[in-house]
Protein chains: 12
Amino acid sequence: MKILVINGPNLNMLGSRDPNQYGNATLNSIEMSLIEAFSDIKFEFIQSNSEGEIINKIQSAPSYFDGLIINPGGYAHTSVAIRDALELCKIPKVEVHLSNLSARESFRQNLITASACDGYISGFKELGYSAAVYLIQGIVKNR
Amino acid sequence: MKILVINGPNLNMLGSRDPNQYGNATLNSIEMSLIEAFSDIKFEFIQSNSEGEIINKIQSAPSYFDGLIINPGGYAHTSVAIRDALELCKIPKVEVHLSNLSARESFRQNLITASACDGYISGFKELGYSAAVYLIQGIVKNR
Amino acid sequence: MKILVINGPNLNMLGSRDPNQYGNATLNSIEMSLIEAFSDIKFEFIQSNSEGEIINKIQSAPSYFDGLIINPGGYAHTSVAIRDALELCKIPKVEVHLSNLSARESFRQNLITASACDGYISGFKELGYSAAVYLIQGIVKNR
Amino acid sequence: MKILVINGPNLNMLGSRDPNQYGNATLNSIEMSLIEAFSDIKFEFIQSNSEGEIINKIQSAPSYFDGLIINPGGYAHTSVAIRDALELCKIPKVEVHLSNLSARESFRQNLITASACDGYISGFKELGYSAAVYLIQGIVKNR
Amino acid sequence: MKILVINGPNLNMLGSRDPNQYGNATLNSIEMSLIEAFSDIKFEFIQSNSEGEIINKIQSAPSYFDGLIINPGGYAHTSVAIRDALELCKIPKVEVHLSNLSARESFRQNLITASACDGYISGFKELGYSAAVYLIQGIVKNR
Amino acid sequence: MKILVINGPNLNMLGSRDPNQYGNATLNSIEMSLIEAFSDIKFEFIQSNSEGEIINKIQSAPSYFDGLIINPGGYAHTSVAIRDALELCKIPKVEVHLSNLSARESFRQNLITASACDGYISGFKELGYSAAVYLIQGIVKNR
Amino acid sequence: MKILVINGPNLNMLGSRDPNQYGNATLNSIEMSLIEAFSDIKFEFIQSNSEGEIINKIQSAPSYFDGLIINPGGYAHTSVAIRDALELCKIPKVEVHLSNLSARESFRQNLITASACDGYISGFKELGYSAAVYLIQGIVKNR
Amino acid sequence: MKILVINGPNLNMLGSRDPNQYGNATLNSIEMSLIEAFSDIKFEFIQSNSEGEIINKIQSAPSYFDGLIINPGGYAHTSVAIRDALELCKIPKVEVHLSNLSARESFRQNLITASACDGYISGFKELGYSAAVYLIQGIVKNR
Amino acid sequence: MKILVINGPNLNMLGSRDPNQYGNATLNSIEMSLIEAFSDIKFEFIQSNSEGEIINKIQSAPSYFDGLIINPGGYAHTSVAIRDALELCKIPKVEVHLSNLSARESFRQNLITASACDGYISGFKELGYSAAVYLIQGIVKNR
Amino acid sequence: MKILVINGPNLNMLGSRDPNQYGNATLNSIEMSLIEAFSDIKFEFIQSNSEGEIINKIQSAPSYFDGLIINPGGYAHTSVAIRDALELCKIPKVEVHLSNLSARESFRQNLITASACDGYISGFKELGYSAAVYLIQGIVKNR
Amino acid sequence: MKILVINGPNLNMLGSRDPNQYGNATLNSIEMSLIEAFSDIKFEFIQSNSEGEIINKIQSAPSYFDGLIINPGGYAHTSVAIRDALELCKIPKVEVHLSNLSARESFRQNLITASACDGYISGFKELGYSAAVYLIQGIVKNR
Amino acid sequence: MKILVINGPNLNMLGSRDPNQYGNATLNSIEMSLIEAFSDIKFEFIQSNSEGEIINKIQSAPSYFDGLIINPGGYAHTSVAIRDALELCKIPKVEVHLSNLSARESFRQNLITASACDGYISGFKELGYSAAVYLIQGIVKNR
């Protein structure tokens, strides 16, 4: 199985953000631990601060991958364009948020992109990514 | 490890609700498959339509369990009282919703209780419960 | 024909509430006059102040009754959980309100549960209940 | 007893509107079945697409009729002027809506005119009209 | 000087409406007392319940009159169309309301049409009309 | 092909309204230029300030015309009744606004009637009408 | 008859404010022309920028005056305290605004103080004051 | 004198909640200190997490008690049903909140039940209960 | 112990305001009964209609008093400035409202100043003041 | 004449999106049919998912083109930056939307960019583009 | 050059407010350091808790000063009256806030008075005042 | 000292935008005058229309610069992603807006990015940039 993991703006800075919200892991250590924990899955990891680049990547995903994990960062709350790209992308899709959005600022609780995914996970810090892989495995099996 | 799984109002009716939103599984079959998949965990399963009963159960959970999974059903959007009970309950807590709330009626997107849990999962139908167990295992290990 | 009539919180106090809004009848006299007026129908009357009890009763109604009349009292405006129970209950359902809600406080005009019934009647005091029976007879005949 | 039945804009088109919302009956067949069902009542039926004409008719109703049934169509949600005319009209008044407004677009849930009637019925398709006659009979008897 | 006085929906019913809000005068007595009080002014009085008729009259007013007094009744709060007609009508215009709108229901405080008049008077019952004439005299003199 | 062109309230006054918003053409000159530009189409032109008259005309349109162009003027933002009439009218329908509504007062940006048309054009002054004819030709050809 | 005229903050600056909104008159010339026009009335004129001073003056008005004219300036939209003082003051009260508030910024359309007066006049520049005197004469005569 | 003290959901957990908001006292110590401080009053203390049970207790209170003190916990902000029960209960009623609600989350500032009590006290932690007894004594004496 | 009691705008008029909301006592009689009831406390009583004067008094209070009771009248709902002054004043502070604000106009339910006090009491008419003294005694003792 | 046609995010995916909303044409077939239909016009076609790239292109347009057609896709509802770029671009500009926005999700009805164009067309699927060319021809001719 | 520096309510208390928001300087030390840093400018410093006094001072400023610096404290968010005074004052005006308002309570983000100044500075604690002087020098030079 | 100056979308067009809002300077002339005025500071100037590029630049700023000045243009009101990048950037940061945002369209008054800076300056046209340098010098000195 091949899974594309897209991380949006500022997630390359993980490790220096507030650990109460985002945990202590760096993006690199998260990626390493996924590779280790799921040895039978091929991952591609993308991090981009650019809305357009993220859309490009989502558009091409169905040709190369069996599942998509996306943490859209701040674009989760504002980007109708990413939402439309996700809607067009017909592979299993899981949105991940490191922090518990329901307990944060109100502008982080408006979920534009999540409504075009299968579902979303919020609040479990780095654990959210491996749970997302776990869920994509389950969705693929159930199809 | 011992985990308490609380299902709120109308979840005893699973199987007869809209399968596009809630999947095809009955509550019993969900419970059975958790027991099977996680043979080293002891589960207690509670379903109740009563807000007061759910609060009672949450209050007593820390004395008997290592983790709590809750699907508060309709109370997720209205119950300040369940939220306060969860905040007082200091074991790992995961809120599960079968359907993708961000894609449904606006009154289902106001999350009162989730802000007092570690985090929440929405949209993966019955898979959400096993992902919740998976996450509680991870939270306990990281502590 | 068998009809279940559920009255929610505080409707056991009818007769002592403001008669301009609620009329002069007691709950008992309303129930008696239904039995008298519709002698060919078997009624069961339930009054409960508990949201959970009302949900339990709605869930079991389809097995025993041909129609359901509900006055959810204050729960009409807040209970997503009762709404979900009604949606799952596939017999003819009529929601009754004694007072004209459109002429009262704004918090009484948000109708959560009514959207899961066939329809609703508001403002005709005790007459609303017999009109509800009249309507259930009509719905059953038209099916 | 004499009852005036006012149908507002587009109700002359019944039969060609979405039957899930409005039922299959034409306005003419609804009127015929009222005459048949309530042979001791004299009905006058008015349909108009004009707000002013409807107001004129409501203003003159008390001189000629014992009761008023009105389905204001789209004016129910916007017309302060019809609302004021109804408030001045001191005979029993029932507002009827064919569809269940609480389950439709938000702009159909703002009830301007209903607050100036005795009450309203929503969601029972053509049955709503005969229930309205039933209710006016009851109101007149109770006075 | 010639002044057109337009009264909108339900103002023909004055005298039977709540005197605390609308005073005791009938529309006819108001018109008579204007004629008497301002003997050098020619008045034309129009009352209509129809939005279209009111617009027609406003459109033709500048050709025949030196000033316009309008009480749009319920249309004051909803009619963009009357507002646009008033904006096109370049003679002095005074909007009159019998009751004090700032002390009534919120839907009566949204003033759509008044913003296209020179100004408005609210709360002085029948006195508002003669003050309106007084003001039009002043506006004409100051031009 | 036969096309009905309905112009709502105050559009008979074109030429005297603010030319920055509405252009310099009169309604008559707009109508003449359509006849000239589209010599193979038979036009009927209606202008009315009355909501009811407009509804009547829309209701009868499908029997006589192949397409409908409507500029509802101020009713575009308030009339649920015209919206319902348009929804029932199953010929190609184009709503035209002379001014760019997205750049004007907020009460002109709520589009009630446009959602029941095929689409709408806003901001191109008199050119909007010929573009509407151009579009109806296209829609008819594509059917 | 004795009338107190209270002008609130910044009205001492009249003459230098935007004449399209406020007219060309200074506060002094307005006061002079009232004295001249109504020679049988004794006026006291107060201007103050202080909310407390205005309240003090309103509280003492009933002991010395037969009527009160108030232009509360910016306090009209914010001062619950002036509103409460006006409610306690049981002589005829007219609120005057020079500009047409319904055509200005939204924060100028919230009328807190006007609801505690007999009524209000808005938009007629300096003419508003003499119309206010005219109205107080009428109110006193009708009592 | 006999006073009923009702504590709603989660108040049995006092002592383990955030002491900045709720103080250090347990519910039991609060009850003991009331008994000690007011030796001439008979208290009955009820704590329940169930909305229905609280309603039942309120309904029966007037037959047995001279006054009612209620801390509805989370139900204070959501329960129309408890509000209606309180409105029907015609003995002196004081609502108590331990924390200062005006300084907390916005969902804790909507007071549904308090409007049906004589008044409410918020922010004084355990002192609020003895002040409530003090107030009921005063209300009873003044009657 | 020395307590400062500040009464804001219009509270000098007590006795002539609606007794259903404000009780029958005058401000003077309230002050007298406090002196009588709490003979071991020295009171200073201030009443002012001026926001600035109230702020001045709050700022100097900590130097001379052990506690502060404030009824800010209409300023309670609008004054950020009084709120900031209270926040800087570090002695026990109780806000008192004579009427039950949760049952009144919505503009009286926005509590700006109360969030900077220890807590507030609303609805007990003149009893509220002595309960406030009772609470300050308790707060001081508990420190 | 030279026209620049900018298509925003996800419009490269046309043909695979819901044909009820977007029609069956691909972006390439739309472009081909424009070239064919308007043989005297030189077109440049741009599609980009990047907000910055679209702004760059708009900024340079006036130097090379006589008109601009833009379908900003999801950016139409969120991009103040594209709006500002359009405002600075002084050639004829038409915004095109394939679907009828007034009949879709509320977040698609907020038009940020359209207010900086001459006008906009919504709902006519691929026909919208040729109507846009038709309109630009008209605007250029009228200048 | 002569500059008037107005500080509104509670700014005389600087030094004892939360230093994270307001810095450590007292008002006096801020004033002293301005005098020192800008030795060629004559300053007048005013601090007042009274809205009326502040308005008086603003009104007289143009006669004596070349520029105005104002920190309106809590009045910045509520005072239409100060806003109107500033609008009438035609010398360079800079509004200063010590704390970063965009990061604080929502009621501190509504800027009523700033819109009538040349501009505003927020978040730089005592540095904001010297930057304001720097800006006024620049504005004067550029005129 | 080294300062990075980031200008967001459309600021490369300065000089051709409305000078009442944005002044007459071009971006180049602003940059030149900063270099001239602060000869001891090394500046790097960046202008970009791309959200992603701006984020990249902010992320790398702390390694190379002592302070950051940003005018995010239209992104100031929409970009949660830029806000998060600024929050992670721990050097002194000043947000500059040329126009007075509090006096413009409401969509320009929502400040998303400013809350993650030390503070912001709005309304002083090109002077805002040199004041920003002045402030960064002060912040650095005070550290």
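Labels below follow one simple rule: chain letters A, B, ... track the order of the sequence lines, proteins then strands, and each chain is numbered from 1. All values below come from the heavy atoms of this structure, side chains included, with hydrogens, waters and symmetry mates left out.
- Of the atoms belonging to I112(C), not a single heavy atom falls under 4.5 Å from chain D.
- Results of the side-chain contact (heavy atoms from CB on, under 4.5 Å) test with L127(D) over I136(C), I139(C), D118(C) single out I139(C) as the only residue that passes.
- Contact count versus chain D (heavy atoms, under 4.5 Å) is highest, among C117(C), S122(C), A103(C), A114(C), for S122(C).
- Annotation: maximal heavy-atom pairing with chain D below 4.5 Å, among G123(C), S102(C), P92(C), occurs at S102(C).
- For a residue to count as touching a neighbouring chain, one of its non-hydrogen atoms must lie under 4.5 Å from one of that chain's; by this rule N142(C) touches chain D with the side chain only.
- Interface remark: S130(C) contributes backbone and side-chain atoms alike to the contact with chain D (heavy atom separation under 4.5 Å).
- Heavy-atom distances place both the backbone and the side chain of Y120(C) under 4.5 Å from chain D.
- Contacts with chain D were tallied for L135(C), L111(C), L101(C); L135(C) has the most, counting heavy-atom pairs under 4.5 Å.
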